[in-house]
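Okay, structure first, notes after.
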Amino acid sequence: MTLTPGFQGRPRPTGVALPPGQYEVTDFPVLSAGPTPRVPLETWELVIRNEEGADWRWSWDELVRLPQEDAHVDLHCVTRWSKFGTSWRGVSLDVLLADVTSTAQHALVGCYGGYTTNLPVADLLGGKAWIAHTYDGAPLAPVHGGPARLLVPHLYLWKSAKWVRSIQLLRDEQRGFWEQLGYHDYGDPWREQRYQGD
Ligand SMILES: Nc1nc2c(c(=O)[nH]1)N[C@H]1C(S)=C(S)[C@@H](COP(=O)(O)O)O[C@H]1N2
Ligand SMILES: [Mo]
């Protein structure tokens, strides 16, 4: 196996390493492009809109009554920190998208507070993405996206939209906040897709 130069973190299971250009942290940094929105659970909702403009909506009560999953995943931020072995609980996007009629291949995720990010619909499916509301056994802290955030840990963390509110399914790709500013449309940490053209 290849050892990552300069790796100083805790021992990792054989074959598990940092993506290129990353270093390990043990704290949980906060990166937000604006203030933390406060979203009361009574008015919280998640909306998935398909390419025809039809909506599927879930209230907080409806979300927490859906089948829940635990996810134990590594996080990789484009600012080069990675955090290993984080524990989350939430609803798989497979569950939410099962009801939705769509053949669209692109998604634009929207948030309370106005942040957006884009990714392929395929990356929301197949057990790779969750609407996460619990971190380390406790309600997700507002600074980290509570009451709920998208969690797509196989992509750089800017795709894991905090305070998630909507997912628009689109025939044509539409860029989100960081993507419009030059960050990568896909953002695979293992291929070091930080900026457009990487
Ligand atoms: N709504 C929203 N989601 C967001 C962001 C943001 O500014 N607003 N920042 C993104 C970026 S750049 C990163 S690295 C992660 C940081 O998540 P954390 O603050 O929980 O570490 O959230 C992502 N999701
Ligand atoms: Mo980030």
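Numbering starts at 1 and runs along the sequence shown. In each ligand, atom 1 is the first atom listed, and ligand 1 is the first ligand listed. Only this structure's heavy atoms are used, side chains among them; waters, hydrogens and symmetry mates stay out.
- Judged by distance alone, the side chains of His154 and Asp123 do bring a donor and an acceptor atom under 3.5 Å apart.
- Ring orientation note: the planes of Tyr115 and Phe177 are tilted relative to one another, at an angle of 30° to 60°.
- For a heavy-atom separation below 4.0 Å, the residues in contact with ligand 1 are Phe28, Pro29, Val30, Leu31, Ser32, Ala33, Cys77, Trp81, Cys111, Tyr115, His144, Arg149, Leu157, Trp158, Ser160, Ala161, Lys162, Trp163, Trp178.
- Side-chain atoms of Glu179 and Trp158 form a donor-acceptor pair, as typed in the model, at a separation below 3.5 Å.
- Listed by chain and residue number, Thr36, Pro142 satisfy the side chain to side chain contact (heavy atoms under 4.5 Å, CB included) test with Arg38 (two or more places apart in sequence, or in another chain).
- Put simply, the side chain of Asp94 never gets that close to the backbone of Leu125: no donor and acceptor are under 3.5 Å apart.
- A donor-acceptor contact shorter than 3.5 Å is absent between the side chain of Asp136 and the backbone of Ser87.
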